[in-house]
Student: 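First the structure, which I've put down as structure tokens, then a few questions once you've had a look.
The figures that follow rest on heavy atoms only: side chains count, while hydrogens, waters and symmetry mates do not. Lettering of chains follows the sequences in order, A, B, ..., and the numbering in each one begins at 1.
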Amino acid sequence: MASVASSGSELNPPVIQASFLSKWYGDVIGLNGLNVTILEGITGIVGPNGAGKSTFFKLVTGTIKSNAGELSVLGQKPWGNWRQLGAIGFCPDYEFLPLDMTGQQYLEYIGGLQAMEKTGLDKRIKEVAGIVRMTKDMNRKMGGYSKGMKQRLKIAGALLHNPKLLLLDEPLSGLDPISRRDIIELIKTLNRNYGHTIIVSSHVLHEIERMTHNIVLIYKGRAVATGVISEIRNLISQYPHNIIIEGKNMPELAKALLDKSYTYSVGYNNNRNSITVKVTAPEEFFDSMPDLVEKSMASVERMYSQDDNLESVFKYLVGW
Amino acid sequence: MELNKIISPVLAIFKYSTRKILFNRRWVITLLIALLVGVIMGYAGSQLDDALNDGTTLMDVLILSFIMPIITMIYGTSLIRNEIEDRSITQVITAPLDRRIAYLGYYFSLAAALSLIMLVINLVGWVSFFAQQGMDGDSLTILGSMCLVSVIGALAYSALFLASGVFLKKPVYFGLFYAFIWESFIGSIPGAISHYTIKHFVRSIASGWLEWGSIGIYDGTSVGASIAVLAGVTIAFLVLGAMMFKESEYP
């Protein structure tokens, strides 16, 4: 079972440990034997819509019950364990803010639910409003907030009781680029300056990459890869690679490539001077290329792999 | 300190939900119903001349037997169910708070808001009728008694309909069946079956306190037994609803 953690935190016990965790809704599978260990720091849960990210968060917060497997959150089972929620802050991916209330009223309500004392609560609301940069807008009704402001206030609500573990489900979804940048910076600040362990989900890899190098890739309810990005990149060699070759006499080169056992497919791109070759053994491919180019009398002007970024890793791992 | 951990969240839910009940767009429905009561009882007050009997009968038929089950059904079935549907329930179920305690917060807010609404409707009806017929001591007894039984009824109906919002995905269908078929129709036919309604016990209590109109001649259960039954029903549905709320999953 792979672990994801920030550097230097390996000595601490896991924040979350799931083994063969499964959850299904009737015929629909939410999680399917998920195995993952998450340590302190920022961890990104990455997967396409419907992969099971939100189901995982709901299991962690105890709003739903697993059908099989084990889940330990901060050393305890979450289902029915309401006391543990004092150590968890959850910001879901959906809209639920009462739009007729002001930000201040909303946080007072959340503080009440958290049984925070009035004087401490007032101070904390000011502090949290400052952290999420909403101080000026706290007395405005939330109906007039932009999506980014609502997102910041949702995070403020999750932060209010100063939880050890912060769960942010798709916090960047639907935001404009500036708001995305702000929320990414906020998440990094919350971990770096305030010490929160943060689990953040997204279906966009490069956004997660800007926040953390610890990721869990989920697809169809399973963790298809976990670890730091460099480790996951090493997995590339286990999956077919797409390599784009541009130059002259590409049809001849394509024919030569098709004769090779490592070639999975070859296709033209926009014109006959550019081909994409999918190979199952990239190292073998690169070794054989000089000979192939010579034999096919091709002239290669540019050759590059589409696989040098996280997006490609993800696509490989989930079979896209 | 531990007590504060219970009182503070319950108070937060109470304030939040009461505000929602009283100030959401459905207040228009409440206003229209209050106006309807005012118009009907105002018109009746100008036509009838046996003030105590007619006024009591009108308040019984119009408010206790008809409007109370409907109003409580409208608000009760939707309070928790709407939060489950729009997922705003998340903020409650992810708070470090025993869900059974949270459920009590919802119940208290519903019962308080519905009691207030019923008091206003009773007051509007009573003023509309008795302002024309004379507001003497007996009429004040009618108002006081009707208000009190309305509050008792609101407590029981709230427990029933709130629980239905946890048990059922479409509690309004149950509410409509219960309010219109069970309470209004089954509750009106002769025989013991009509006793299996909240309305029966509410009217029984009123009949023990008032000697006028349809209530005065109502052949009901004794006041003590009726209060005991309603208390039992209320507690039973509260416990059932709270347990169900605790054990339910909220995907």
Side-chain angles (χ1 to χ4, degrees), chain A residues 23-26 28 30 54-55 57-67 78-101 105-118 120-121 153-154 157-158 160-161 163 165-167 169, chain B residues 1-27 78-106 108-109 166 169 242-251:
Chain A
K23 174 66 189 175
W24 49 85
Y25 310 98
V28 179
S54 296
T55 297
F57 282 137
K58 286 169 190 165
L59 286 165
V60 170
T61 53
T63 56
I64 57 174
K65 188 165 48 174
S66 63
N67 296 103
W79 172 251
N81 189 357
W82 55 268
R83 285 183 181 84
Q84 190 188 39
L85 292 167
I88 300 172
F90 178 46
C91 176
D93 62 336
Y94 43 82
E95 287 284 340
F96 63 87
L97 294 173
L99 301 180
D100 60 334
M101 290 173 94
Q105 288 171 329
Y106 173 68
L107 290 186
E108 284 171 0
Y109 170 52
I110 297 297
L113 291 176
Q114 299 285 349
M116 295 171 75
E117 306 236 349
K118 176 75 179 144
L121 176 60
L153 201 76
K154 276 163 65 180
L160 193 66
H161 58 297
L165 174 62
L166 193 56
L167 307 170
D169 194 4
Chain B
M1 190 61 189
E2 275 302 310
L3 199 61
N4 180 53
K5 284 190 183 301
I6 294 173
I7 292 172
S8 172
V10 168
L11 207 58
I13 294 171
F14 178 84
K15 279 157 66 178
Y16 177 77
S17 298
T18 306
R19 182 177 187 274
K20 203 159 72 171
I21 294 168
L22 294 178
F23 297 106
N24 75 0
R25 277 175 291 182
R26 271 175 295 178
W27 69 267
S78 62
L79 183 61
I80 284 185
R81 178 47 54 183
N82 281 2
E83 289 201 13
I84 294 171
E85 295 296 322
D86 68 18
R87 298 195 279 186
S88 57
I89 197 84
T90 303
Q91 53 211 357
V92 173
I93 60 175
T94 58
L97 166 67
D98 189 327
R99 287 190 198 171
R100 291 168 296 188
I101 302 292
Y103 186 83
L104 282 183
Y106 284 109
F108 291 146
S109 68
V166 178
K169 286 195 170 170
M243 292 307 295
M244 193 72 182
F245 188 60
K246 176 177 178 282
E247 294 300 324
S248 294
E249 295 182 66
Y250 300 95

Student: Applying the side-chain contact (heavy atoms from CB on, under 4.5 Å) criterion to A/Leu113, which one of B/Thr94, B/Ile13, B/Ile93 satisfies it?
Tutor: B/Ile13
Student: Looking at B/Glu247, B/Lys15, B/Glu83, which one has more heavy-atom pairs under 4.5 Å with chain A than the rest?
Tutor: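 Ranked by contacts with chain A, first place is B/Glu247.
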Student: Taking A/Ala158, A/Pro98, A/Gly157, A/Ala87 one by one, which has the highest count of heavy-atom pairs under 4.5 Å against chain B?
Tutor: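 Greatest number of close heavy-atom pairs with chain B: A/Pro98.
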Student: Heavy-atom pairs under 4.5 Å with chain B are the metric here; pick the option from A/Tyr25, A/Trp82, A/Phe96 that has the most.
Tutor: A/Trp82
Student: Between A/Lys23 and chain B, which part of the residue has a heavy atom less than 4.5 Å away: side chain, backbone, both or neither?
Tutor: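 For A/Lys23, the side chain is the part near chain B, not the backbone.
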Student: By a 4.5 Å heavy-atom criterion (distance strictly below it), what part of A/Lys65 contacts chain B: side chain, backbone, both, or neither?
Tutor: both
Student: Tell me, side chain or backbone of A/Asp100 under 4.5 Å from chain B's heavy atoms, or both, or neither?
Tutor: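 For A/Asp100, heavy atoms of backbone and side chain both lie under 4.5 Å from chain B.
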Student: Using a cut-off of under 4.5 Å for heavy-atom pairs, which of A/Glu108, A/Glu95, A/Met101 has the most such pairs with chain B?
Tutor: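 Most heavy-atom pairs within the cutoff with chain B belong to A/Met101.
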Student: Identify the heavy atoms of A/Ala115 and B/Lys5 that sit nearest to each other, and give their distance.
Tutor: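 Reported closest heavy-atom pair: CB-CA, 3.7 Å.
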Student: Heavy-atom cut-off 4.5 Å, strictly under: side chain, backbone, both or neither for A/Phe90 against chain B?
Tutor: side chain
Student: Quick check: closest heavy atoms across A/Trp79 and B/Ser248, and the distance to 0.1 Å?
Tutor: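 In terms of heavy atoms, the two residues are closest at CH2-O, 3.5 Å.
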Student: Closest approach of B/Pro96 and A/Arg83, non-hydrogen atoms and distance?
Tutor: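 Smallest interatomic distance, heavy atoms only, reads CB-O, 4.3 Å.
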Student: Given heavy-atom pairs under 4.5 angstrom as the criterion, report whether the side chain, backbone, both or neither of B/Val10 touches chain A.
Tutor: neither
Student: CZ/B/Arg99 to OG1/A/Thr63 distance, rounded to the nearest 0.5 angstrom?
Tutor: 7.0 Å
Student: Under 4.5 Å heavy-atom distance to chain B, tell me which part of A/Tyr106 shows up: side chain, backbone, both or neither.
Tutor: side chain
Student: Between B/Asp98 and chain A, which part of the residue has a heavy atom less than 4.5 Å away: side chain, backbone, both or neither?
Tutor: both
Student: For A/Gly112, does its backbone N or O pair with a side-chain atom of B/Ser8 as donor and acceptor, under 3.5 Å?
Tutor: yes
Student: Relative to chain B, which segment of A/Ile110 carries a heavy atom at a distance below 4.5 Å: side chain, backbone, both, or neither?
Tutor: side chain
